Student: 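Here it is, the structure in full.
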Amino acid sequence: VRLLNLLIDMYAKCSSIESAVAVFQSIERPSRHSWNCLLVAYIRCRCLAEAKATFDHGMPQRCVISWNAMLSAYATAGRVGSAGELFGKMPATSIASWNAMLSGSVHNGYCFDRARAAFFDRAPERNTVGCSILVAAYAARGDLRSARCVFDRMPEWDIVSSTAMVQAYAGAGRLEQATKEFQAMPQRNLVSWNALVAVHAHHGDTAAARAAFHRMPCHDVLSWSTLVLACARGGGGDARLVFDAMPQRDVVSWTGMMQALAEAEAMDEARAAFCRMPQHSTVAANVAMQSYVRRGELGDAVRLFQAMPERSPVTWNAMVSGYGQAGLMDQARATFDATPSRDTVSWNALATAYYQCGRLGMVEATFSRMPSRG
RNA sequence: CGACUCCGAUGACUCGUC
């Protein structure tokens, strides 16, 4: 039975829900553990409805782990309200429950301080997981001071918390501190190494990115793709060499390669890369569109925009600012009005477009119409 | 008495800020 439980878990990690369910059904007397494995399998494979059915009336008994699994399912789906409701009904909680709530609420735009107070400060206990969630969240918000404050108070550190701290330093532009923290880490793994390469890539330091890449003991697609991006950004023209040397490529590497070509003004090759990509993605189309905008070829950008099967919020925002840069304020405004879900970037883009078109009065008007902050 | 199942860190695109 234990082996079969393990099998369910393995299939779930491969998103092969049918196989996972089949293994579960082959167990004649499933244990509580088996039921949890099945529940987690549904969650991992994004079958929320089945997970809920299993949780509500499938499993003979539920333990904290089952509750936590459902909590995190809702939280990662962005349904913090449902998660909170469930949290309130729990007969007993564990640290993982509090951490799941913390993670869900800091990632889904609720008031950060309230989330922290409710699920971290007021939690019965805290561990490295909860602290890492906070450090990472502060890093993402660019709040180095608060990240450090949490990090420095931790009783002990692990790879995850240290990697988050490396990101926090790098995000604040403190490259020396970031590398120092990296060297001070208790251990390193693939993720922390990848993070370091990404830090250098983001900073435009191709040489450092490459050096880190060659020092790491092993690589995955993500490491390689990050290096391609570093080359694309640094403009060294070596992106192609890296790309060709990759053992396997994914959407990101293809997109990075295309971007490198576009930035090197090799538009024909960039176009060819776009067409040869095995999978198309909205991001790749956005990158292509943006290349046109940067070259002042707005007609091509618009054509691409109209032809895109899917548009993300980024697509809409990029189009608004593309029109703005071209001085086509009416089109910028029309695109903004047509944007399905406006975010802070949309509003800033609109204000900037007005500014670029010399309509200073409208800049002010836009700011006063903005829903909130930014 | 342990082990297994639940929570945290890594890559691409848009405005502004540094």
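Just so we're on the same page: letters track the sequence lines, and every chain starts at 1. From a predicted model like this one, the values you see are computed outputs, not experimental measurements.
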Student: Whole angstroms only, please: what is the CZ-P distance between A:Phe274 and B:A12?
Tutor: 19 Å
Student: Which atom pairs, donor and acceptor, lie under 3.5 Å between side-chain atoms of residues 119-136 of chain A and protein residues at least two apart or in another chain?
Tutor:
residue  : atom : partner  : partner atom : Å
A:Asp121 : OD1  : A:Arg116 : NE           : 3.3
A:Asp121 : OD1  : A:Arg116 : NH2          : 3.3
A:Asp121 : OD2  : A:Arg116 : NE           : 3.2
A:Arg126 : NH1  : A:Phe120 : O            : 2.6
A:Arg126 : NH1  : A:Asp121 : O            : 3.2
A:Arg126 : NH1  : A:Ala123 : O            : 3.3
A:Asn127 : OD1  : A:Asn99  : ND2          : 3.1
A:Asn127 : OD1  : A:Val129 : N            : 3.1
A:Asn127 : OD1  : A:Gly130 : N            : 3.1
A:Ser132 : OG   : A:Thr128 : O            : 2.6

Student: Give me each pair satisfying salt bridge (Lys or Arg N to Asp or Glu O under 4.0 Å) with a member in residues 272-282 of chain A, each pair once, sequence neighbours excluded.
Tutor: none
Student: What residues, two or more places apart in sequence or in another chain, satisfy side-chain contact (heavy atoms from CB on, under 4.5 Å) together with A:Asn317?
Tutor: A:Asp343, A:Val345, A:Ser346
Student: Identify which nucleotide among B:C15, B:A12, B:C13 has an atom closest to any side-chain atom of A:Ala349, counting heavy atoms from C-beta outward.
Tutor: B:C15
Student: Expressed in angstrom and rounded to an integer, what is the separation of A:His219 atom NE2 from B:G11 atom P?
Tutor: 17 Å
Student: Heavy atoms only, 4.0 Å cut-off, all strands: where does A:Val287 land among base, sugar-phosphate and nothing?
Tutor: sugar-phosphate
Student: For the residue pair A:Trp157 and A:Phe151, categorise the inter-ring angle as parallel (less than 30°), tilted (30 to 60°) or perpendicular (more than 60°).
Tutor: tilted
Student: Test: side chain to side chain donor-acceptor pair (under 3.5 Å). Region: residues 163-172 of chain A. Which pairs qualify, not counting sequence neighbours?
Tutor: A:Arg148-A:Tyr169
Student: Could you check how far CG of A:Leu175 sits from P of B:C18, rounded to whole Å?
Tutor: 18 Å
Student: Return whichever of A:Gly171 or A:Thr352 has its heavy-atom-nearest nucleotide of RNA chain B closer to the 5' end.
Tutor: A:Thr352
Student: Taking ring-ring contact (aromatic ring centres under 6.0 Å, His included) as the definition, give me every residue that meets it alongside A:Phe24, ordered by chain and number, with sequence neighbours left out.
Tutor: A:Trp35
Student: Round to the nearest Å and state the distance from A:Arg141 atom CZ to B:G16 atom P.
Tutor: 22 Å
Student: Identify all side-chain donor-acceptor contacts of residues 39-47 of chain A below 3.5 Å with residues at least two apart in sequence or on another chain.
Tutor:
residue : atom : partner : partner atom : Å
A:Arg44 : NH1  : A:Asp9  : OD1          : 3.0

Student: In which ranges does RNA chain B form stems of 3 or more consecutive Watson-Crick or G-U pairs, distances under 3.5 Å?
Tutor: none
Student: Quick test of your reading: applying salt bridge (Lys or Arg N to Asp or Glu O under 4.0 Å), list the pairs with at least one residue in residues 162-188 of chain A, sequence neighbours left out, ordered by first then second residue.
Tutor: A:Arg174-A:Glu176
Student: In whole angstrom, give the distance that lies between atom CG of A:Leu229 and atom C1' of B:C13.
Tutor: 11 Å
Student: Which of these nucleotides, B:A9, B:C15, B:G11, is closest to any side-chain atom of A:Thr226?
Tutor: B:G11
Student: Given 3.5 Å as the limit, does a donor-acceptor pair link the side chain of A:Ser223 with the main chain of A:Asp220, or not?
Tutor: yes
Student: Roughly how many Å is it from CH2 in A:Trp193 to P in B:A9, rounded to a whole number?
Tutor: 21 Å
Student: What pairs meet the salt bridge (Lys or Arg N to Asp or Glu O under 4.0 Å) rule with one or both residues in residues 201-215 of chain A, with sequence neighbours excluded?
Tutor: A:Arg210-A:Asp238
Student: Hey, can you pull the residues of residues 323-331 of chain A with a non-hydrogen atom under 4.0 angstrom from RNA chain B?
Tutor: none
Student: Could you give the CG-to-P distance, from A:Asn194 to B:U10, as a whole number of Å?
Tutor: 11 Å
Student: Do the side chains of A:Cys231 and A:Leu241 get nearer than 4.5 Å, heavy atoms only?
Tutor: no
Student: The side chain of A:Gln290 is closest to which nucleotide in this list: B:U14, B:A9, B:U10?
Tutor: B:U14
Student: Touch check for A:Ser225, heavy atoms < 4.0 angstrom, all strands: base, sugar-phosphate only, or nothing?
Tutor: base
Student: Give the nucleotide from the list B:G16, B:A12, B:U10 with an atom nearest to the side chain of A:Ala195.
Tutor: B:U10
Student: In this structure, how many angstroms lie between the C1' atom of B:C13 and the CG atom of A:Leu304, rounded?
Tutor: 12 Å
Student: Using a heavy-atom cut-off of 4.0 Å across all strands, would you classify A:Asn189 as base, sugar-phosphate, or nothing?
Tutor: base
Student: Mind jotting down which residue pairs meet the side chain to side chain donor-acceptor pair (under 3.5 Å) criterion with at least one end in residues 349-370 of chain A? Sequence neighbours excluded, please.
Tutor: A:Arg333-A:Tyr354
Student: What contact category does A:Leu222 fall into here, base, sugar-phosphate, or nothing, at under 4.0 angstrom with non-hydrogen atoms?
Tutor: base
Student: How would you summarise protein contacts on nucleotides 1-8 of chain B per nucleotide, using B for base, S for sugar-phosphate only and - for none, with heavy-atom distances below 4.0 Å?
Tutor: --BBBBBB
